[in-house]
Amino acid sequence: MISDHFRVLMVDLGTGRGSIENLAGRDTVAGGSGLAAMLFNKHGLPESPWDDPQQPLIFTIGPLTGYFPLMSKTVCAFKSPYHDQYAESHAGGRSALSLRFAGFDALVIRGKAPTPSCLSIGSRHLDLKDVHFLWGMDLFKTGKMLRRMYKGAGHRSIWRIGPAGENLSAMACINVDTYRHFGRLGSGAVMGSKNLKGIVVLGDGTFPLPEGKEYPKLFAEVHSKMTDTDMMEKYHNYGTPINMAVLNGIHALPIRNLQKTSDPEIDGITGETFARDTLLRNAACAGCPVGCIHLGFVRERFMGENRYLYRQVSYDHEPIFAAGAMLHVTNAFSVLALLDAMEREGLDVMSAGVALAWATEALEKGIISTSETLVPLAFGDDKIYQEAVHHLGSASNDFYRLLAQGTMKAATHYGGADFACVLGQEMGGYATGEVFFVSQALGLRHSHLDAGGYAYDQKNKEPDVNGAVQFLIDDERARVLLTSMVSCLFARGVYGEQVLSDCLRSVGYTALADSTGIVSSHVQRLRWQTRLRTGFDPHTVTIPKRFLEVETWKGKINGNYLRSLKDAYASAILALAATE
């Protein structure tokens, strides 16, 4: 398995056939994010729309996948229906290890299946099966059917879309093994546009582990840091929902469509409340000893004589923020029920929650009416929001069809752009200040994980444009190295550059181990060049007025600092992409 080339499975859905390509580049792009950008530059169509059948849908893993703890993510790259530009989304579950055991560094899917289909791949097979009977099914029913159809529990990874993906919603996600997702920027719509209801990856092969003493010794050291120290305790215990109380306490939690940043009622949906009242169990991605996936439960009555079924629902900070704080739903079980409804439709929870928060305020202000929303949206009314989620996933009318293409597109058409909480896409769950707002608005993935802007805001009170821009560039570069390995970013405290270099050397990637700094800089540039080539201009990005009205523990947002920072970061991105 240790090689200086990538083994890429190319699939043409139009013919139902595949081929294997061996590509050079291991020592220049590593894998993961770097490999995804390289493959898009090779196979993507920058000038063609996102739903051109020949646009590639790309899945990549990294050189350390399967060899070290938390090297458990897969990178999905595509041209996004959200902005018609290059995009990345990351997910865990069994996706990465299944690809590793199937013997592939990447899967590239092109073309369009003649009928709604499911693609199944493994180390010795490729099959495209007609599943027209699944088209229109929600995500849960689809999952049950696919698990029955494809054997290999524990070795397979099942990726599937719901009605939102079929309806080409820019908020449609790809569900991975029930509790993980390629969540943001509309990867689910790309599958839908290709008539692809599901993908099943069967990890039915083997791969050898390195011989000698160096690898097992280093593995034990890394594993010990993950499990025997408090470095990962936060993620296992309460998980990221611990941030709810912290951010609420420092007036940095977006609430009621960012009309507030703190509210005592948030106590009903803190991480501590979820753990005490709703937590059933922890789960983990394959190859992870931490167990950061927290599963709560919802009950549903199915008979008059007090007969109930229950479903397990995963929760994290971002879903609780989007379905809870932004909609002012402050009961933990109500939030889980709303998350369950969003999962059923195959919607990205963050975008769906923020979009409905905007719609609720727009309805309150009389900008839209119930003729558009179909139901009387009201902050705190979880039952009504569950109905609205179904309308959003199903594109029930012109309003929901447009809203599903992005909050700002609906706000531009109907009005209310000033209070649309959009930073490149619907905002993440932080209102820490200027650096985070600019980081997400201009970030390559428009994600709170592009760089730690939220951390910079909390550690640095005084405005410093040059210092903040340098932090964002440097932090992104460090994260790009991790997402090219491909590591879960929760492990960034363990996997510093030297540790990553040691890990690479222990499994045989000596040249790559000696050039991690050069590789991370190269991949950072390559990703930005790819995004710009598909039409991105950071200087045209706008930040809505609502973000200037925010008040945190530091006081009101500094508008001059925000604008200066945005312009400086945009220039830095262009300069970075222009560097050879």
Is [X] reaching over with its side chain to a backbone N or O of [Y], donor-acceptor style, under 3.5 angstrom?
X: T65; Y: G62; result: yes
X: T74; Y: I61; result: no
X: R479; Y: L489; result: no
X: D105; Y: R7; result: yes
X: S89; Y: G183; result: yes
X: Y400; Y: T373; result: yes
X: H446; Y: G443; result: yes
X: S169; Y: A164; result: no
X: E476; Y: D450; result: no
X: S515; Y: A511; result: yes

Check: [X]/[Y] side-chain N/O donor and acceptor closer than 3.5 Å:
X: H132; Y: D130; result: yes
X: H317; Y: T240; result: no
X: H125; Y: S120; result: yes
X: S487; Y: R492; result: no
X: Q524; Y: H522; result: no
X: Y179; Y: E343; result: no
X: S351; Y: E426; result: yes
X: Q55; Y: S48; result: no

What's the shortest heavy-atom distance between [X] and [Y], and which atoms?
X: L57; Y: F78; answer: CD1-CB, 4.0 Å
X: P63; Y: L504; answer: CG-CD2, 3.9 Å
X: Q440; Y: S447; answer: CG-N, 4.0 Å
X: G416; Y: W358; answer: O-NE1, 3.0 Å
X: S193; Y: L168; answer: N-CD2, 3.5 Å
X: A359; Y: I368; answer: O-CD1, 3.6 Å

Which distance, rounded to the nearest 0.5 Å, do you find between the [atom1] of [X] and the [atom2] of [Y]?
X: L70; Y: M485; atom1: CG; atom2: CE; value: 15.0 Å
X: I543; Y: L442; atom1: CD1; atom2: CG; value: 7.0 Å
X: I473; Y: S521; atom1: CD1; atom2: OG; value: 10.5 Å

Fill in the blank from the handout: Given the options Q425, M427, M171, T407 meets side chain to side chain contact (heavy atoms under 4.5 Å, CB included) only with M171

Practice task
Decide yes or no on side chain to side chain donor-acceptor pair (under 3.5 Å) for W159 and S157, but give the supporting numbers first.
Solution key: CA-CA 7 Å; W159 314 342; S157 184; 2.7 Å; yes

Exercise for the section: Apply the test side-chain contact (heavy atoms from CB on, under 4.5 Å) to residues K42 and V108: give CA-CA distance (whole Å), side-chain angles for both, the deciding distance (0.1 Å), then the verdict. Expected result: CA-CA 11 Å; K42 179 178 174 63; V108 178; over 6 Å; no

Is any side-chain heavy atom of [Y] closer than 4.5 Å to one of [X]?
X: F321; Y: V354; value: yes
X: E88; Y: S33; value: yes
X: T534; Y: F40; value: yes
X: V11; Y: R110; value: no
X: V176; Y: H181; value: no
X: L185; Y: H83; value: yes
X: L374; Y: N397; value: yes
X: V523; Y: L35; value: no

Practice task
Using a strict cut-off of less than 4.0 Å between a Lys/Arg side-chain nitrogen and an Asp/Glu carboxylate oxygen, indicate whether R26 and D4 qualify as a salt bridge.
Solution key: no

Problem - Charged N-O contact under 4.0 Å between D177 and R180 - result: no

Handout entry: Pair F399 + Y414: ring centers closer than 6.0 Å
Key = yes

Problem - Test of ring centre spacing under 6.0 Å for F59 and F182 - result: yes

Handout entry: Quiz item: cation-pi between K129 and Y150, 6.0 Å / 45°
Key = yes

Handout entry: Cation-pi, F536 ring and R531 (6.0 angstrom, 45 degrees)
Key =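 Yes - R531 lies over the ring of F536, closer than 6.0 Å to its centre and within 45° of its axis.
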
Practice task
Test side chain to side chain donor-acceptor pair (under 3.5 Å) on S80 and Q85 and set out the steps.
Solution key: CA-CA 5 Å; S80 167; Q85 296 164 14; over 6 Å; no

Problem - Selection residues 190-203 - residue pairs positive for salt bridge (charged side-chain N to carboxylate O under 4.0 Å, His left out), sequence neighbours left out - result: E166-K197

Practice task
Report, as yes or no, whether the 6.0 Å neighbourhood of atom NE2 on H43 holds more than 12 heavy atoms from other residues, nucleotides or ligands.
Solution key: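 Counting neighbours around NE2 of H43, more than 12 heavy atoms of other residues, nucleotides or ligands fall under 6.0 Å, so yes.
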
Exercise for the section: Tell me, yes or no, whether the heavy-atom count around I518 atom CD1, taken from other residues, nucleotides or ligands under 6.0 Å, exceeds 12. Expected result: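 Counting neighbours around CD1 of I518, 12 or fewer heavy atoms of other residues, nucleotides or ligands fall under 6.0 Å, so no.
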
Practice task
I would like to know whether D138 and R344 meet salt bridge (Lys or Arg N to Asp or Glu O under 4.0 Å); could you show each step before the answer?
Solution key: CA-CA 5 Å; D138 68 42; R344 188 182 299 275; 3.2 Å; yes

Practice task
Could you give me the CA-CA distance, side-chain angles and deciding distance for F104 and V8, then say whether side-chain contact (heavy atoms from CB on, under 4.5 Å) is met?
Solution key: CA-CA 6 Å; F104 304 116; V8 180; over 6 Å; no

Practice task
Would you check, one step at a time, whether the test side-chain contact (heavy atoms from CB on, under 4.5 Å) holds for K73 with V75?
Solution key: CA-CA 7 Å; K73 294 284 189 176; V75 173; over 6 Å; no

Exercise for the section: Show the numbers, then the answer: is there a side chain to side chain donor-acceptor pair (under 3.5 Å) between S117 and N195? Expected result: CA-CA 6 Å; S117 302; N195 261 348; over 6 Å; no

Exercise for the section: List the steps and the verdict of salt bridge (Lys or Arg N to Asp or Glu O under 4.0 Å) for D340 and R311. Expected result: CA-CA 8 Å; D340 189 61; R311 285 189 296 277; 2.7 Å; yes

Practice task
For side chain to side chain donor-acceptor pair (under 3.5 Å), just list the numbers for R401 and N167, CA-CA rounded to whole Å, side-chain angles, deciding distance to a tenth of an Å, and then say yes or no.
Solution key: CA-CA 9 Å; R401 191 173 297 108; N167 291 315; over 6 Å; no

Problem - Check against side-chain contact (heavy atoms from CB on, under 4.5 Å), T178 and R160 - result: CA-CA 9 Å; T178 303; R160 59 193 189 270; 3.5 Å; yes

